[in-house]
Structures are given as C-alpha cells and as structure tokens.
Amino acid sequence: MNATSPAAAPISIAPGREAPLLRPMLVTGRAYKHMVILLTGVISWGAFCFIYQGFIGLGLTGLRRPVFWAFFITDFVFWIGISHAGTLISAILRLSSASWRYPVTRAAEAITVFALGIGGVFPIVHLGRPWLFFWLAPYPNARMIWPNFRSPLEWDFFAISTYLTGSALYLFLPMLPDLALARDRSQGWRHRLYRFLAMSWQGTQQQWHRLELAIQLMAAVVIAIAVSVHTIVSWDFSMAIVPSWHSTIFGPYFVAGAIFSGIAALILIMAILRRVYHLEDYLQPKHFNNLAKLLLTMTLLWGYFVFAESITTWYGNLPAEMPAFWSKISGHYAPLFWAMVLCNFVIPFPILAIKRLRTITGMVIASITILIGMWLERFLIVVPGAATQRFAFDNWYGYFPHWTEISISLATLAAMALLYMVFSKLFPIISIWDVVGQAPAPTGEGIAEPGPGGAP
Amino acid sequence: MDESPIRRIQPTRWKYALAAAVLAALGVYSRVRPAAPDQPVAFAHSVHLKAGVKCAGCHRDAASSPQAGLPGVKECALCHAKIRTESPAVRQVLAYARRGEEIPWQRVYSFPASAYVRFRHDMHVRGGIACSTCHGDLRQAGTARVWKPFNMGVCLTCHREHGAGTECEQCHY
Amino acid sequence: MLIDLNVCTGCSACVVACRAENNIPITGAHEAARNGTIQWLHIDRAWSGGQDDFSVESRPITCQQCDAAPCEPVCPVLATYTNSEGLCVQVYNRCVGTRYCALNCPYDQRFFNWFDYQWPTPMEVQLNPDVSRRTRGVMEKCSFCSQRVLAAERAARSEGRPLREDEVQPACVQTCPAQALLFGDLADPDSRIARAWRHPRLETLLEELGTLPRVRYVRRQDAPGAEALQPGAEDDE
Amino acid sequence: MIEVSLRLSWDHDLAGVVKRLEAGGVPSREVNVLSRVPLPESVFPANPSRMSLIGVIGALLGFSVAVAFLVAVTVSYGLRTGGMPLIAPLPLGVITYEMTLLASILAMLVTLFVRARLGPWRRVPEHPELDYGEVIISVTCADLAQAQRAREILAGVAAGRAA
C-alpha cells in the first residue's frame with residue numbers, strides 16, 4: 001500500500017531514468033538568468049526600433065525606390081526557412097521510422113514553432129502601416145471587404161497560419177505524455193500549468209493508440225504543408241514580373257534551402273543544448289553524425305540548385321535578367337555572392353564530407369557558416385533583382401541597411417534564443433517517453449535503443 | 001506492487017467553459033454606442049424642427065456643397081433677437097453674438113484622416129436621401145449625436161440598395 | 001492618354017502641374033539623392049548620337065493605367081484595382097503598405113510614402129483640397145486626376161446630361177504648352193482620343209509584357225515637319 | 001466518481017487482470033491500464049480506429065468549405081483586372097490546398113481529443129507513483145459499492161502476485 005504522496009519540493013523527481021531530462025526544468029543557474037536579462041534587453045531594443053520606425057515611417061530604413069523589399073523580407077524568408085528544420089525533418093524521420101530520431105524530434109519541432117512565429121512577424125514589421133496588418137486576414141468585417149485571394153502575400157497568410165497550427169500541434173501532441181509526467185511530479189504553479197497543458201492525459205492504452213496514430217497521420221499531412229509553405233514563400237518572388245525573381249526553379253530551390261538552413265540550425269541548437277544542459281548521454285555523436293549526413297546531402301543539393309539557376313540565366317542571356325545576374329557575379333553584390341558560396345559550399349562541404357573533420361565542433365562551424373550563407377542567399381535573391389535596372393528604365397538604387405533594420409533583425413535572433421531558453425526551462429526538450437522508457441524494458445539502464453514496441 | 005486507496009475524482013471543471021463564455025460575451029459586446037460630444041450650448045433640434053424650421057433652413061449648404069454647413073452665431077441672433085429671449089440657452093447664444101464670437105460647436109460626425117474618405121452632402125441630398133436616413137429623427141433629439149455607426153459597411157449597404165455605385169475612388173480619393 | 005513625342009519639348013510643365021494638382025510632397029535634396037522623391041509624372045530623357053551630333057528625346061512617363069495591370073493582383077488587400085472606367089485606382093485608405101505593387105510595376109511608376117511629408121510654410125496653403133494628403137506607409141501613383149474626372153461626372157449627373165468630351169482634363173494635359181498630351185474617353189468611339197488611338201505610329205511601353213497600357217506614345221519622326229498630334233491632324237488612319 | 005487502482009509490473013498478466021475485473025461485473029470501459037509509455041500491441045491490441053478516414057473526411061470538408069468560401073467572397077467583392085477571369089482557379093487552388101490540409105489536421109485533432117478523452121476541462125486522477133516498467137490498473141466507479149467490489153478483485157490480484 002503505497003499511498004500517493006508527491007514530495008513537497010517544487011518539482012520532485014523519483015530517482016528514475018528521466019531525472020537528467022527533467023533537470024533542465026529544475027535547475028536555473030546564474031548564467032541562465034543573466035542570459036535572459038541580456039536577451040530581453042536586445043528584444044526590447046528591437047521592439048523600440050520597430051515602434052520608432054512605425055512613428056517615423058519606413059523612410060527610416062534604407063529602402064528606397066525601387067528597392068521596396070530588402071532586410072525584413074530577407075529575414076522573413078530566412079526564418080521561415082529555419083522553421084523547416086523541425087516539423088519537416090521530424091515528420092520525415094518519424095514516417096521513415098528512423099530510430100535515431102528520438103532525442104532530436106522535440107528540439108527540432110520547437111525550432112519550427114518559434115522560427116515560424118518569428119518569421120511571421122516580419123511581414124508585419126515590413127508593412128507601411130503595420131497597425132493594419134489584420135486586414136490581410138479574411139474575416140467578416142464592418143467594411144464589407146475581403147482580402148485579395150490572388151495575391152501571393154495572401155497565400156503566405158494561409159500557408160503560414162496553417163503551418164503554424166500544424167507544427168504547434170505536432171510539437172504539442174507528442175509532448176502530452178511528458179507533460180503528464182511533469183504534472184505528476186510537480187507542485188505549485190508548475191503543477192497547475194502542466195495539469196492544464198497535459199489535457200488530462202492519463203496514459204491509458206486507448207490514449208496511446210490514438211495518440212500514436214494521430215502523430216503518424218499528422219506527420220504525413222505536415223510534410224505536405226511544410227513543402228507547400230516554402231514553395232509559397234518562394235512564389236512571393238517568382239509570381240512577380242521582376243526579372244531574376246521570375247523563376248520556375250524557386251519552389252524546390254527554396255524548399256531545399258529551407259531544409260538546408262533548418263538542419264544547420266538544428267545541429268547548432270542541439271550542440272548548445274548538449275553543452276549547456278549536459279545531455280551528452282542523450283544527444284550522442286551518432287545523432288550529430290546522422291544529421292551531418294543529411295546536411296551534406298542538402299549542401300550538394302543547394303549547390304546543384306544554385307548552379308542550375310545561374311547557368312540557365314546566363315545561357316538565356318535575356319536583357320532584362322542580365323543586370324541583376326552580373327551584379328551578383330561580378331558587380332556590386334559579388335562580394336556577398338562569393339561569400340555565400342564560400343559559406344554554403346566551400347567551407348561546409350569538406351567538413352561534412354571528410355569523416356575526420358565531421359566532429360561536433362566541425363559540424364557546429366559548418367552550421368554557423370551555412371546559417372550565414374543562407375541568410376546571404378535570401379538577401380541576394382531579394383535585393384539585386386529589385387535594385388538593378390530592370391526593363392528599359394534607368395532606375396537603380398544602392399541599398400544599404402539602416403541600423404534599425406539591423407537591430408530588429410538581431411532582436412529576432414535574440415527572441416529565438418529567449419523563446420528556446422524559456423521553452424527548454426518549462427518543457428522537457430528531449431522527448432522523455434520516447435527516449436527513456438521503451439516498452440518493454442523494465443530495467444533498462446541509461447538510454448536504451450528503442451524496443452520493438454516503441455513508437456512508430 | 002501495490003494498490004491505492006479508493007480515491008474520489010473531482011468532477012469536470014466548469015471554469016473553462018465560464019471563461020470561454022465571458023470571452024464570447026465580450027466579443028459580442030463590441031459595438032459601443034458613441035456618445036454625443038458636450039456642446040457649448042444645449043441646442044435643441046426638437047424645438048426648432050417642431051417650430052417648423054426645416055433642416056436646410058440652417059444647414060443651408062447641404063444641397064450644394066460637400067459640407068452641410070452650420071449657421072453663424074449672427075444668424076442665430078437674427079431670429080432670437082425676438083424669439084424666446086428668456087431661455088437660458090438662447091441667452092448664451094446672444095452673449096456669444098454680443099461678444100462677436102462664434103459658438104465653438106463640437107464636431108459630431110467626423111472621419112479620421114487615415115480613412116481618406118470624402119462624404120458629400122450635396123450628392124446625397126440631390127439623390128433624394130432624407131436627412132433622417134443617417135441622422136435619425138431629430139424631432140426627438142436635443143443636441144445631435146451619432147445616430148448611425150457610419151462604417152464602410154453601412155455606406156456600402158445603402159449604396160448597393162440605391163445602385164449608387166461602389167467604386168472605391170468615388171469616396172476615397 | 002496619348003503623348004505625342006514629336007511636340008514634347010521636355011519643358012516639364014506637366015511635371016509641375018501634376019505636383020501642384022495632386023499634393024505631391026516635396027522631399028528635399030537629401031531624399032532626392034537617394035531615390036526618395038515622389039513624382040507621379042516625370043520626363044525620361046534618352047540621349048542618342050555622337051558628341052557633336054546628338055539628339056535628345058523627352059518622354060513623359062506616368063502610370064500607364066494598364067488594363068492587365070501587374071500591380072493589381074498582387075495586392076493582398078485589394079488596395080488597387082481597375083475600375084469600371086478602366087482606370088487603375090489606388091485606394092489609399094485600404095493600402096497597408098506591402099509595396100508588392102511597386103515591385104511588380106514594370107514601369108516603376110508607383111511611389112511609397114516613406115515619411116509623413118510636410119510642406120514648407122507658404123506652400124501648404126496651396127494644397128489641393130480635392131486630393132488627399134497621403135500619410136506615411138501608403139502607396140500612391142498617377143490617378144489620371146480622378147478627382148477632376150469625378151467632379152465633372154458629378155456635375156454632369158446633377159445636370160442630367162452625358163459627360164462632354166472636353167470637360168475633363170488632367171492637370172498635365174491642361175498645362176502642356178505644346179499640347180503634346182491628349183486625354184479622353186476611349187469607350188466613346190467618336191471621341192478624339194478614340195480616333196487618335198488608331199494612329200499608325202503609336203507605340204506602347206514594354207508592349208511585350210502584355211500589360212495593355214492606357215497610355216500610348218506617338219513615335220517621333222525626326223524629319224522636320226513631322227505630323228504632329230494636333231487637332232484635326234489625327235484622322236490619318 | 002471514484003477511482004480504485006493497482007500498481008503492477010509490466011511483466012504481469014495484464015490482460016488477465018482486466019478479464020477478472022470484467023468478470024467481476026466492472027464495465028470494460030471503466031477499466032484503464034495506465035502506463036508511461038505505450039505497451040506492446042500484443043498486450044492490448046488496438047481497437048480499430050477511423051482516424052485516417054476522418055482525416056480524409058476533414059480534408060474533403062475543408063476543400064468544399066474553402067471552395068465555397070473563396071468563390072462566394074470573390075464573386076461578392078469582385079476585382080476584375082484587365083478582363084481576366086474573376087475566379088482564378090490556380091491562385092484560389094493554393095489557398096484551397098492549405099485550407100484542406102488544415103481542416104484535415106483539425107479533424108484528426110478533434111477525433112483524438114474525443115476518442116482519447118482529452119481536454120483541459122476534464123479532471124483525472126494523477127498517479128505520481130507510476131514509473132517506467134509499471135502500469136496502473138485504474139477502475140473508475142460510479143458508486144461506492146462498485147468501488148468496493150473492484151477493490152476486492154484488485155486486492156486478490158495483488159495477493160496472488162505476492163504469493
């Protein structure tokens with residue numbers, strides 16, 4: 001007869017195998033608090049810049065005719081790209097039953113939700129009248145006017161809101177059992193929070209069956225959504241008549257680039273988590289190694305797409321396209337272009353391809369250069385096409401960002417870090433039920449390889 | 001392995017349903033009736049209309065210009081030199097007139113600049129739209145108040161009914 | 001609108017008239033140096049020939065009022081559309097400022113209000129009350145002086161008669177000293193513009209894009225005494 | 001509602017316990033086997049689920065709603081651009097696609113919540129003592145008499161295991 005008696009500690013853990021995974025939720029160090037303060041400061045500064053820009057007008061930025069889109073749209077595409085790290089990768093791994101995925105999925109899915117939220121803010125930041133952003137939403141209103149469903153920006157609205165819903169659910173549903181565990185092992189406000197979020201999860205066999213089925217089915221749908229989202233983002237550009245934007249390859253090119261930058265972000269964040277939360281036992285070199293192989297594939301795919309995109313433009317030699325093309329290859333934007341090639345291909349390719357260099361440190365270096373390179377890639381897609389002379393009119397403008405644009409961009413980087421820190425403080429960042437307890441392994445020690453009865 | 005004692009399960013909690021209901025109620029309660037602004041003089045539309053003064057008697061530009069127009073204080077004084085001089089409101093008006101000062105009427109209907117909208121009284125009057133369609137029956141009213149919420153949906157509904165055209169640039173330019 | 005390049009001298013009177021009529025803000029030298037100006041109508045100059053024997057062609061460029069306007073379908077909030085008269089209308093109050101239309105305009109004839117522009121003191125007195133002062137964050141462009149069109153239509157409706165052909169003239173057309181610009185209603189087959197629309201030497205800017213502009217140019221004939229688009233001279237189909 | 005529960009190890013004959021409870025007159029839907037991780041399918045086979053069918057139905061529903069909504073809105077507030085068709089199938093198709101998939105996901109979510117009896121408004125007994133490698137046989141009873149009966153059966157199971 002063991003009457004239930006949760007201990008009086010804020011959160012008490014049975015000395016079980018899940019303890020190391022619940023520990024990040026318990027222990028809050030000084031460095032964490034300092035980091036939160038620092039990041040909050042950076043975010044507040046970015047918010048201030050945004051509000052300031054709202055009062056002064058977008059003239060504050062470096063944008064001028066004909067460069068109507070630049071930094072913010074670059075950030076938008078970049079973050080939406082990062083968001084493909086999570087749900088897409090995790091869904092693919094889930095559907096293909098890759099057993100090494102267990103410690104990776106939660107971290108990846110969280111990236112998706114936060115990156116998508118951050119990316120979704122940028123179209124609003126970039127609006128001339130951001131306080132009217134809700135006019136893009138289709139809802140019955142007193143003005144009796146609806147948005148224009150033919151605009152690619154409207155497609156963005158639908159695609160991003162669908163993807164955000166899907167990926168938030170895809171993060172949330174597999175977390176239910178862990179939330180229930182946290183509920184059972186905590187007290188006070190945490191208990192109330194987890195009790196709410198756990199949605200009365202008990203772990204009945206009926207619930208397990210349904211949940212696993214739902215995750216499996218949603219994985220299939222979420223892949224279809226994720227692919228469509230970045231395709232639609234790319235269509236913002238390729239539907240326009242701007243030369244060098246108007247390209248049929250942009251759909252798959254953007255999706256590949258998104259997965260590319262997404263995996264890089266995932267590797268980087270996993271390396272940080274591993275170091276900060278001492279999760280070496282769970283995030284093992286083999287996980288990094290497998291992700292690095294995926295990243296290598298994407299490096300090659302990216303290189304292929306850039307080559308295909310460039311050579312068709314160059315060979316076609318259309319007068320409208322060439323100014324933007326040459327400005328990238330040898331003109332005003334050439335340093336950025338070649339830096340992008342360096343960051344996205346020349347540096348990461350050997351690191352990822354040569355087994356001796358494919359250490360965690362090497363992968364982190366490759367991931368950082370890839371993230372920089374992919375940001376440059378987005379910038380080089382957006383700006384040169386708009387900035388160079390198009391058609392017959394002599395109209396060009398050398399864009400240079402204003403400090404508010406840079407501040408807002410950096411603030412979103414800080415926002416990503418802060419959201420991730422808060423998330424990992426409140427929720428188990430590694431799926432406990434997936435990793436710790438694979439049935440039936442009653443006395444498994446440490447991390448066991450998933451048993452036959454594990455999750456699909 | 002052990003057995004737990006008999007435990008009671010608390011019933012389903014209703015506070016979530018309650019919170020949702022409150023939110024829904026707040027959503028429904030979104031139409032806030034705009035109040036009438038405080039006017040310097042308690043002008044009584046009812047008295048004037050019942051005495052036989054027509055709308056256009058005072059708002060004389062309604063048929064010919066975008067604005068309906070307000071009479072100046074001298075015009076008020078012209079009639080009120082003899083009529084009901086004992087009423088406190090009229091005395092206020094006469095005091096303004098003596099000082100040669102216009103009455104600082106407060107605007108009742110106005111559009112924010114960001115609406116970029118131009119309402120033309122003349123086209124509506126000439127089209128045979130009664131004043132009361134938008135301003136209500138002022139025979140019962142004192143100082144004017146916003147009688148009809150004048151958002152774009154109201155304009156559009158009426159425009160569609162009368163076949164008055166719904167091109168954006170008719171009003172927004 | 002027809003623009004006769006034979007008689008356009010590039011005097012820029014139309015540009016000034018447009019600014020005055022449409023409350024186009026004065027952005028100042030600093031903004032002008034970084035493409036921050038707003039000009040609904042500007043004169044595009046094309047130089048040709050050698051150093052001693054050169055010629056310059058002035059071409060007034062404005063919103064081409066495309067029938068199949070690329071700027072329109074991309075606007076997520078329907079802030080720009082083709083109205084029943086075929087004008088490409090910009091609705092300021094609906095505009096949220098995505099600036100997609102500006103990128104999708106092959107003629108670069110859409111302008112963004114980067115700031116809340118102010119007018120130097122005496123000039124704010126001459127602002128046209130019939131045209132909105134645009135605030136920050138909205139797009140604007142040539143409207144073919146739709147306020148004039150509307151006023152004329154209202155007058156005609158009030159008097160219960162059809163609109164007369166010569167009743168409406170945008171500010172640029174009215175001002176042009178050489179009468180290089182011709183404006184009218186193409187829907188009326190007997191109007192001067194409808195007859196001149198069939199002129200053999202007309203050209204359309206970026207015709208290959210299929211935007212079907214409502215502005216056409218009478219190509220220049222460099223021989224002296226070229227046939228000009230003068231009243232009475234346009235019936236030479 | 002009253003809950004009676006018994007903590008058991010994974011390797012116990014769980015199906016047998018459930019059978020004994022059912023034989024003792026406890027309705028099978030009141031008996032739940034709780035665990036921290038899913039038990040192998042062989043212990044408690046999953047009863048057939050129509051979730052994939054519901055996902056498809058949701059998708060069809062979303063598709064029809066999307067088409068009806070977009071066509072109605074586009075027609076009622078038409079933007080005719082240069083004589084192009086008012087209803088543009090391809091652009092509307094993009095939005096229809098997203099709405100279809102969204103509806104499919106939401107349909108599956110609702111199914112999950114209904115069939116797995118989830119929701120923040122429900123109150124369930126919490127079992128902090130439940131660990132990996134264990135299950136809890138939880139019986140929810142409507143009245144005290146039934147609870148006593150279930151408890152006796154569970155006590156029998158516990159005694160049998162101890163013996």
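In what follows, chains carry the letters A, B, and so on, assigned in the order in which the sequence lines appear, proteins first and then strands, with residues in each chain numbered from 1.
- A donor-acceptor pair under 3.5 Å links the side-chain atoms of A:H209 to the main chain of D:F44, judged by distance alone.
- The greatest number of non-hydrogen atom pairs below 4.5 Å with chain D, out of A:A159, A:S161, A:G166, is found for A:A159.
- Between D:M108 and A:V221, some side-chain heavy-atom pair lies under the 4.5 Å cut-off.
- Heavy-atom distances place both the backbone and the side chain of A:L181 under 4.5 Å from chain D.
- In the model, A:H191 has a side-chain atom that pairs as donor or acceptor with a side-chain atom of D:E126 under 3.5 Å.
- Using a 4.5 Å cut-off between heavy atoms, A:S228 touches chain D through backbone and side chain atoms alike.
- With a 4.5 Å cut-off on non-hydrogen atoms, A:L169 touches chain D through its side chain but not through its backbone.
- Among D:V33, D:N32, D:I105, the residue making the largest number of heavy-atom pairs under 4.5 Å with chain A is D:V33.
- Note on D:R36 versus A:D178: no salt bridge recorded, every NZ/NE/NH1/NH2 to OD/OE distance being 4.0 Å or above.
- Rounded to the nearest 0.5 Å, atoms CG (A:N148) and OG1 (D:T74) are 8.5 Å apart.
- In this structure a side-chain-to-backbone donor-acceptor pair under 3.5 Å is missing from A:W155 to D:L92.
- Looking only at atom types and distance, the side chain of A:Q202 has no donor-acceptor partner in the side chain of D:S138 under 3.5 Å away.
- How far CZ of A:F158 is from CG of D:L101: 13.5 Å, rounded to the nearest 0.5 Å.
- Residue D:P89 does not touch chain A at all, counting heavy-atom pairs closer than 4.5 Å.
- Annotation: residues 61-71 of chain D contacts chain A through D:F69, D:L70 [non-hydrogen atoms, separation under 4.5 Å].
- Only the side chain of D:L106 comes within contact range of chain A, with heavy atoms under 4.5 Å apart.
- Counting only N and O atoms by type, the side chains of A:R210 and D:S49 include a donor and acceptor under 3.5 Å apart.
- Interface remark: of the candidates A:A220, A:A224, A:P152, A:A224 forms the most heavy-atom pairs closer than 4.5 Å to chain D.
- For A:L176, the part sitting under 4.5 Å from any heavy atom of chain D is the side chain, from C-beta outward, and nothing else.
- With a 4.5 angstrom heavy-atom cutoff, A:M239 does not touch chain D via any of its atoms.
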